[in-house]
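By convention here, the first residue in the shown sequence is residue 1. A quick note: this is a predicted structure, and the numbers were derived from the prediction, not measured.
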Amino acid sequence: ENCTFMLCPPSNDRWHPWPFFRRMYDAAISLKTEFVIMLEPDNTIHGPITRTPTHDAGGLYVKDRSFGYTEYAERLAQDVKPGFKWRTRSMHAGLCG
């Protein structure tokens with residue numbers, strides 16, 4: 001009852017999160033919902049949402065957050081986007097669950 005199935009192409013979500021976020025987006029569209037909240041496995045839900053979320057998944061600012069393998073990631077990215085630079089400001093955006 002009210003089940004939806006869609007076959008998605010395989011992807012390596014550990015390296016590039018776009019396929020995962022696309023599946024979440026498609027699920028939200030299919031469910032005709034305004035919000036999708038992904039929780040870590042150790043979180044529990046104790047009631048309905050009582051206030052509108054103020055941040056999206058990519059919009060939570062994390063001061064002084066950095067990524068230790070910047071050069072490695074930039075080198076891999078050159079095949080897809082030549083000249084790509086991973087800016088410090090880009091590393092300050094964090095996901096939250």
Side-chain angles (χ1 to χ4, degrees):
E1 180 178 322
N2 293 326
C3 289
T4 302
F5 173 82
M6 181 177 288
L7 183 62
C8 299
S11 63
N12 187 349
D13 293 355
R14 296 168 297 169
W15 169 244
H16 194 322
W18 186 90
F20 170 76
F21 287 120
R22 181 61 204 212
R23 289 192 296 272
M24 292 291 283
Y25 172 80
D26 290 342
I29 296 298
S30 176
L31 293 169
K32 298 181 177 99
T33 186
E34 190 172 352
F35 299 106
V36 174
I37 299 175
M38 184 181 76
L39 299 174
E40 295 291 332
D42 58 342
N43 293 127
T44 58
I45 298 173
H46 299 278
I49 296 172
T50 57
R51 62 180 188 268
T52 302
T54 58
H55 295 84
D56 65 11
L60 187 65
Y61 180 76
V62 181
K63 185 177 176 355
D64 299 326
R65 181 176 180 264
S66 65
F67 179 66
Y69 299 98
T70 303
E71 296 83 14
Y72 174 71
E74 287 178 347
R75 198 167 51 249
L76 290 175
Q78 299 309 307
D79 293 339
V80 178
K81 187 172 182 181
F84 174 80
K85 294 288 183 195
W86 199 331
R87 308 277 184 224
T88 302
R89 185 170 182 254
S90 299
M91 292 185 250
H92 290 220
L95 297 175
C96 59

Note: with side-chain heavy atoms under 4.5 Å as the link, the other cluster members for F5 come out as L7
Show me the side-chain donor-acceptor pairs of residues 73-81 shorter than 3.5 Å, one per line, residues at least two apart or across chains.
unit_1, atom_1, unit_2, atom_2, d
E74, OE2, W86, N, 2.6
Q78, OE1, G83, N, 2.6
Q78, NE2, E74, O, 2.8
Q78, NE2, F84, O, 3.1

Value for CZ (R23) from CZ (F21), rounded to nearest 0.5 Å, stands at 10.5 Å
